[in-house]
Every structure is written in C-alpha cells, then in structure tokens.
**Q** 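Submitted below is the structure of interest, expressed as structure tokens.
When reading the values below, keep in mind they use all heavy atoms of this one structure, side chains included, and skip hydrogens, waters and symmetry mates. By convention in this document, chain letters (A, B, ...) are assigned in the order of the sequence lines, proteins followed by strands, and residues within each chain are numbered from 1. Please read all numbers here as calculations on a predicted model, not as lab measurements.
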Amino acid sequence: MHAEKEIHFRDAAAKALLDPQLRANFRRAMDGLIAKRLAQFPDPRDLQDLRDLSTAIRSRSLLCLPELLEQLEASCAKNGIKVHWAETCEQANQLILGILQAKGAKTLVKGKSMVSEEMHLNAFLESKGIEALESDLGEYIIQLDGETPSHIIMPAIHKNKDQIARQFSQKIKDAKYTEDVDELTAMARKVLRQKFLDADAGLSGVNFAVAETGTLCLVENEGNGRMSTHVPPLHIAVMGLEKVVARLEDVAPLYAILTRSATGQAVSTYFNLITGPRGEGEKDGPQEVHLVILDNGRSRIYADPQLRATLRCIRCGACMNHCPVYTRVGGHAYEAVYPGPIGKILTPQMEGVGVRHDLIHGSSLCGACGEVCPVEIPIPEILVRLRREATHEDMGSTVVGKGTGRTASEDWAWRLWAGVLKRPALYRVATWFATRFGKALPASAPLIRNWTQSRTKPVPARRSLSERMRAEGVSHE
Amino acid sequence: MSSPNPSAPDSRTAILGRLRAAGDSGPLPALDTAVLERRQWDPAERVTRLRKGMEAVHTEFLDAKSDTWPAVIRVFCEREGLKNLLYGPTSEAGSALAAAWAPEGPQLKPYDRPVEAFKQELFGDIDAGFTGTVGGVAETGGLLLMPGPAEPRLMSLVPPVHIALLRASTIQDSFWSAVKALGWGRALPPNALMISGPSKTADIEQTLAYGVHGPKRLIVVLVDDLK
Amino acid sequence: MNGTKPKKVYFYGTCLVDLFFPDAGMAGIQLLRRAGVEVVFPEGQTCCGQPAFNCGYWEEARDVARTQVALFPEDLPVILPSGSCAGMMKVHYPELFHGQPDEAKVRAFSARVYELTQFLVDVLDVKLQDLGEPVKVTWHSSCHAVRDLGLKGEPQALIGQLSNVELAPLAREYECCGFGGTFSVRHPEVSGAMVADKIADATATGASVVLSTDGGCLMNVNGALEAKSSKLKVQHIAEFLWERTRAR
C-alpha cells in the first residue's frame, strides 16, 4: 500500500543546491535575520518568559477553540462583520467569489495572506474574470513572475535586486532599468497606489482574531494592509480557524514575540486593529467587512493531542530562518505553500504523510527550529511522530495517509537492525566482521554510495571499544 | 445585505462539531505576565524610550509646548514647502490647530466629506495629514491612534507626510499596559492602531526602503506636558 | 549527586565510538579513572536505538533500548562520550517508553544519564594540566548536546583549562554539520552541502583540529575533510584532553 505520486523533496532540494545565486541570496538573508532576532532578545530570561507566556496563551486558545470561534462570530456580528465558515479551500474560494459578485466587484487588491496562498485564491479568481492583485511588495514582485512565495514573511527573498530590476524594467509599463532599491520601491508605489484607489474590494489575512471584542489584528510594515482594508468599499479577511485568541490583552505578548522572532523588529510599522466596517459618521473605511474562517484539515490536526501543537503557530518564520536545510535550498524546493520546518510538519498533515514521506525525512533533527519557535512547537518531535505515522497504519490516529509510506525494504532493514542489536552475541560477531573486513565494503554499495558523494567511506577501527575493554579484563560486571 | 454563502451553515456545524468531538485535553495553563509587568519606566524615561525606538525607524520629532505646537507645525509646513495639510475639523487637535492657523501660506484642508467624494483629491493633491493620538508606547516606540468620524482612517495613511500630535503625559509603558489603560480590551472603535514610523519595506534584498505604500515621513509633534 | 562525587560510574560506549572511535572511548574512561572514579563497562552494549527511533520504528528501537537499559541495574551514573546518544537515553527514552509497563524503570535509568564533558565539569569538577605543545583548535557543538541535553559550555570550559591550547571560535558554531543519522544517506545532497559549509567554516578558523563530543558529527566532518584531502583533522574531545594531559 504505497502512497501514490510521492513528491520527492530530495530531487527538488538537490536541484536548488546547484544554483549558487539562490544559495547566496538565502545564506545572506538568513544570517542577517538570525543576527537581528538575537539582538532583540538580549536577556535570555525575558525571552524564555515571553515564550512561555506566548505558548500558554496559544495553548489556552486551542483548548477553548470551538467556544472562542463562536464567541468571535458573535462579537463580529455585533460589530457588523459578517462571518463565513469554509471546510475546504474550494468552499472558501466560492464564498469569496460570491461576496465579490454580490457587490459586482471586478478588481481585488490583496494584503499579504498565506491562507489565500493555501487556497490558490488568485488563480481561482482570475479564472472567474476577477483581477486579484498582490500589493505587499514582495508578493507583487513574485506575482509579476507567476511565482509562489519562497518564505512566509519575505516572499521574494530568493530574488536579488538585479533580478528584480530586470523584471520591473520588462513588466512595468514605462519603467526604466534601475538597481536602486528606493527607485524600484517608488515604481511599485506608483503602480499600486492607483490600484488601491481603483479597487472594488480588498482582501487581507488575519494575524490574530480577538474573540471578546471581535477584532481582526493585522501586523505589517508597508501600509498595503491598511490600504487594502480601508480604501476599497469591501474588505474580506481570511483566516485559518486556529488564529483566534480570547482577549486583546493576550495579543500584546504574541505581537511582541512575533515581530521580534520574524524580522528582528521590536515593533512593526503598523499594528492595525479592525473591529468593524465604516461606523456611524465615519467618512472612510469599507462599507462591508467579511471574515472567512477556513478549516482545510486543521480540525483534523486539532483532534490529535500531540499534533495539535502545530496549530499554535503564529507564522513568524523564525523556524525557516534558523533551519540549515531551508537556508541551503530555499522555499520553492519544498513544493508547498508553507516551506521550512513548520511546512515540513504542516504540509504532510494536510496532504498526507505518504506523499510527503521524503519531506518528513528531509531534516537532520538538529532542533534549531524548536529552539527558536516563539510558541515552543516541538517541531523535531512532531517530525518523528509523522515518520512513525508514515510507516505505521495502526497508530490509531487521524493522520492522513498513515502507513502509506511503508516499504517492505525499510521494514526489513529495521527488523534486521533490531534483530542484531538486541542480541549482543550477534552484535559481537557483526562488529568482529566489520572491524576485520569493513574496509572491503565497496564505496558504491547502496547507502554507502550516498554517503560517499561528499565524504570518504568510514572505516571501522581494527578493534572495537568493547573488544578492547574485554581484553582489559577489568571492571566488567 | 444578502448572504452569498450557500454552504455556510453546514460548514459551520461540521467544523465546530469536529472541534468539539476532539475534546479538550488538559487544564488551561496559567498565564504568568511578570515579563510584561517588568516593563515599567518613569514618565521622563518613557519619553526617551519612545523617541529612541521611533527614531530608529526614521520617525522625526518636533519638540513643542502645550501652547506652541500649532506654531511648530506651521513652521514645519513652511520649511518643507507643504502646500496643504489635511485635518479633522471636529477633532480636538484639529480644531485647536485651525483656531491658531493663519489664512496665508500652507492651507488647512478639512476631511469633512465621505471618501467617495474625496478619493481623487486625497490621493492626488494632499501633501500631509495631521492627526492627534490617544497615547504612545514607551517600550518599543509607537503612537496609538483611534480614527473615527472626527479623524478619518486615511488621514494617517494616504498623504505622503503624516504629522501626529503626541502629549508626553499620554505615553504608556507598553502596548500591553496601553490596552489596559485605554480600555481597548473591553471595547474598540471600528479601527484603532499603533504606528511606529513611516511606511517601509525590506522586500528587495533586505534593503530598507521607506515610503512604499503609506507615508514617506512620520513627524511626531511631541508636547512636553509632564510638569 | 547531592554534592558528593560518585566513586563508581557506568560507561556506555555507543555504537559509533565502539566501532569507529574506540580511542575516544578509552580516553573517556581514563579521564574518569584519573578523577578517582571506578568505571564499570558492562558487556553487551550495542546501540541506544536512536536511528530506529528517529525513523519512526519505535518498536524496534524499544526492543534494542530494553536490552541496553538492563545492562545498568545499579543506581550509578551512566556516562556517554556522545551528545546525541546521551540525549536519546536521557530525553527520548521517556518518550519512547511512555505508557509501556517498564516506563518507570526506564525513567529512573534516564535520570542517571550524563554526557561525558557534562559529568567531568558539572559533577566531578575536574582540573586539567596541559602537557602538550601549543595548538589551535576549534569546537563543533553537537546539536543534541546543546538542544537536548542543554550543555552550557562544559566542553569549552575543559578546553579552556589547557594552557597551550587556543580555542578559535567557529562561525555558525550552533549550526548542524549535516549528519542527522539516516538523513545523511536519505538526503545526501543537502547533507553534503551542510558538511561542506561546516568544513569551510572550520578551515577558516586556522585551527589544526576540530573537536566535538559526538560520534556522528566526527564521522561526518572527518569524511568530508578526508574527501577534500584537508590537513585539518577531527578528534573526539575526550581523546584530545587525555592525550594532552596524561603523563608520558
């Protein structure tokens, strides 16, 4: 029972490694982000206290999730925000299309939203004749090239300014070629300002939704989020159902740790709290605000007490910034909406552990991700859990594709491994042979061949430690 | 408002049903907010911290007194060659500014119509917007704003320069303490926000560029009212 | 240990040290003995079970782990010359045996596990006298020693005691060398890129030896250096410390 159409991270990663420009772009960017984050947490005690508090807040939110979602819906309704529920991306897309069509909207300007990437909303709307334009500068850059984000916070991080300069000069009307970042930014500003002005609707994600007050919190630096949510007459927000927290007070520490972990900023330029459409007497702001709450597999993840921790994520991206694998292969090699360590645990849970078996194993389990995660998601532990799920269908879980990564050869290998190692006498014989004849193993033997791509073949010592200790003949018991 | 979501009630029931079926697992963990409570400074230190934090992200400060701030703004507008300044005529800060404003030189423009009748002018012809604030945040630097009928949302966003009036006495220790002090946790207007500097991006090679979508400059007129 | 230094400890060699770095194991034992501790090396040691555990084959891992736990019945510290194997036994055994009939027994065992340098510094408070020639070394911290076990500079403190040794800081010291057990053969390209960067950083320090406390890292970095015919050598910290401080 093997998974169909397994996606091989190894192949895409190997290809990415051959691009020196890509590797240089990521290395430089990640080194910078690591240093900036570190500078934001000079006191390890403060950092740990803030992580503990943030983790507790997110855990509490998840424990009360159904109640909080209902409370959020009621609070939003009181504020005039219309709430919609979608089990699948397809449903969410249809809901949004319906809202847009009801208002006769033909153009949608978007603030940054990873959930909308998850839904492939842009392609869907384009197919229905509605223009969906990304306005976050990074998202705008990749949309011009028909690419997907390579990082959840910095979507165009794989590109350098020469590449962007070429792209702008070719794709923006009347644009001249320049590598000056201020000039490039000014070009995008000019194009997008007109789009904000003309757009029939705006779409945004949600960083935190506050149940008690019915407030949608948006974190951003550029102001495109405010433009998208305040200028057009219609604002649609989309969020994963895990984004809700109980009180606005709870948002303060989450916000503090989010910006510091993500980009090493103590504070973002804007922290925007939206609690309703244009109010009585207000002269601007959207006339309608809609909130689409998306499940897309989250409620299934929620059902598992260990895997539920995945939903604590506040999408800061620190795990990818610190990941030695991500740093080398970049985001596109993951062939998934969410790359990096969080993607490595989220994607297989959404798509199936069998089709993503290779991705689940694409980690050295070094633990850097878990160490920096602001909400202490045990990413390495969850990876190991998913490795178990991929090869065992009898774990009693709700994991998609469980057992479909199982192969007879791997089963056999581990049985053999245990068979030898649980029998010290057998192990003794095996090591005796290894120490005497290990040298003779050909470097082209399976697995050894992979090892020797970058290294010499390991040669066992002439006598093992156990053998020498036996010869010493003392202190044995 | 018609409801264009045919499958919504079913989805809602199904999603909440699945979440409920999962059951909770364990008691609610305690919230230890000591790390937030440690963030305390005396009023003068708050001013210093706020200023340092905001200047680090290119916010500019103009020092003023309770009776001089309209003149300070005027001098700034003249110096920078701003031809007009958008203000909210019925807001406290806006009406005080208007009362002290001389008719010649930079023009005060009232934001007194719905945006539908004002969009082109707002995006095309306004040099700067002036707003009050409801406080500041010392820990990280930041201004707290509550846009509304008297001070529309786009005043602090669309014009290339945003001038904000901040009274030193209203600066809170942190965003957390501000939420409590302003009662935002109980009730919020349709829009409230924190602003720490001019609009910026680092999406091109991690190089900071200011003024990507929102204001290119943020000017804080800091009124020293601590004594 | 309640402040008193134990008189007797168990030594667990680990499979990689057993087979590839026996000198490091011997050196670790000698360092303990010189500190006045009797070292018991039970027969029947094979592997802590980490490879199967990490790959999701927990039943197989448990089968092996059980035979190993049974070798250490007495209430004595268990010392390992490897960060990741110590991490496995100390931190992950309780996970592996969660809900098993012998969970309590395994937990009691796990509580007695120490990585060698941690034990030398934190428990034995050893003092070293350097008898070697001047040398420049660099330190590669094992991910599991730091992140699972929470080592807080114990190896560096030991190196720091050696008057003729200069410790050159390794750029991105806390970044993984790319070993990761089966990761190195399942994803050889990424793993290879990681170790290539690691040896480039190590070479840039100008040191003549890279030290580490983990058999996996040593094997990986050594293999990559040899493939490049580098002059830079790797050595297990126990072997390095013992060679420089033993009376000749």
**Q** Mark yes when over 12 heavy atoms from residues, nucleotides or ligands other than A/Gln453 sit less than 6.0 Å from its CD; otherwise mark no.
**A**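 Above 12, so yes.
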**Q** Top residue by heavy-atom pair count (under 4.5 Å) with chain A, among C/Gly178, C/Gly192, C/Gly13?
**A**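 Winner by heavy-atom pair count: C/Gly192.
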**Q** Heavy atom to heavy atom, less than 4.5 Å: which residues from residues 14-32 of chain C reach chain A?
**A**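 Those residues of residues 14-32 of chain C which have a heavy atom under 4.5 Å from chain A are C/Cys15, C/Val17, C/Asp18, C/Leu19, C/Phe20, C/Pro22, C/Asp23, C/Gly25, C/Met26, C/Ile29.
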**Q** Is the shortest heavy-atom distance from the side chain of C/Asp197 to the side chain of A/Arg328 under 4.5 Å?
**A**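 Heavy-atom side-chain distance check passes, below 4.5 Å.
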**Q** Which region of A/Ala368, side chain (C-beta onward) or backbone (N, CA, C, O), has a non-hydrogen atom less than 4.5 Å from a non-hydrogen atom of chain C, or is it both or neither?
**A**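 Both parts, heavy atoms under 4.5 Å.
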**Q** Is any side-chain heavy atom of A/Arg388 less than 4.5 Å from a side-chain heavy atom of C/Trp58?
**A**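 With C-beta onward as the side chain, the pair touches.
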**Q** Is C/Arg186 salt-bridged to A/Asp358, cutoff N-O under 4.0 Å?
**A**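 Looking at C/Arg186 and A/Asp358, the cut-off is not met.
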**Q** Please classify the contact of A/His392 with chain C as side chain, backbone, both or neither, using a heavy-atom distance under 4.5 Å.
**A**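 Side chain of A/His392 only, per the 4.5 Å heavy-atom cut-off to chain C.
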**Q** Salt bridge check, A/Lys15 against C/Glu189: does any charged N sit closer than 4.0 Å to a carboxylate O?
**A**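 Between A/Lys15 and C/Glu189 there is no salt bridge, as every charged N stays at least 4.0 Å from the carboxylate O atoms.
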**Q** Within the 4.5 Å heavy-atom criterion, are C/Cys47 and A/Tyr427 side-chain neighbours or not?
**A**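 Side-chain contact under 4.5 Å: no.
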**Q** With side chains defined as the heavy atoms from C-beta onward, is the minimum distance between A/Pro324 and C/Arg172 less than 4.5 Å?
**A**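 A side-chain contact under 4.5 Å is absent here.
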**Q** As an exercise: rank C/Arg66, C/Glu226, C/Glu175 by heavy-atom pairs under 4.5 Å with chain A and give me the winner.
**A**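 Between C/Arg66, C/Glu226, C/Glu175, the count favours C/Glu175.
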**Q** Please verify the inter-ring angle class for A/Trp451 with C/Phe179; under 30° counts as parallel, over 60° as perpendicular, anything in between as tilted.
**A**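 Rings of A/Trp451 and C/Phe179: perpendicular, over 60°.
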**Q** Are C/Ser191 and A/Arg455 side-chain neighbours, meaning at least one heavy-atom pair lies under 4.5 Å?
**A**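 A side-chain contact exists here, since the closest heavy-atom pair is under 4.5 Å.
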**Q** Mind checking what makes side chain to side chain contact (heavy atoms under 4.5 Å, CB included) contact with A/Pro378, not counting sequence neighbours?
**A**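 Result, side chain to side chain contact (heavy atoms under 4.5 Å, CB included) vs A/Pro378: A/Ala309, A/Arg312, A/Glu381, A/Ile382.
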**Q** Identify which part of A/Leu447 has an atom lying under 4.5 Å from any heavy atom of chain C, answering side chain, backbone, both or neither.
**A**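 It is both, since atoms from each part get that close.
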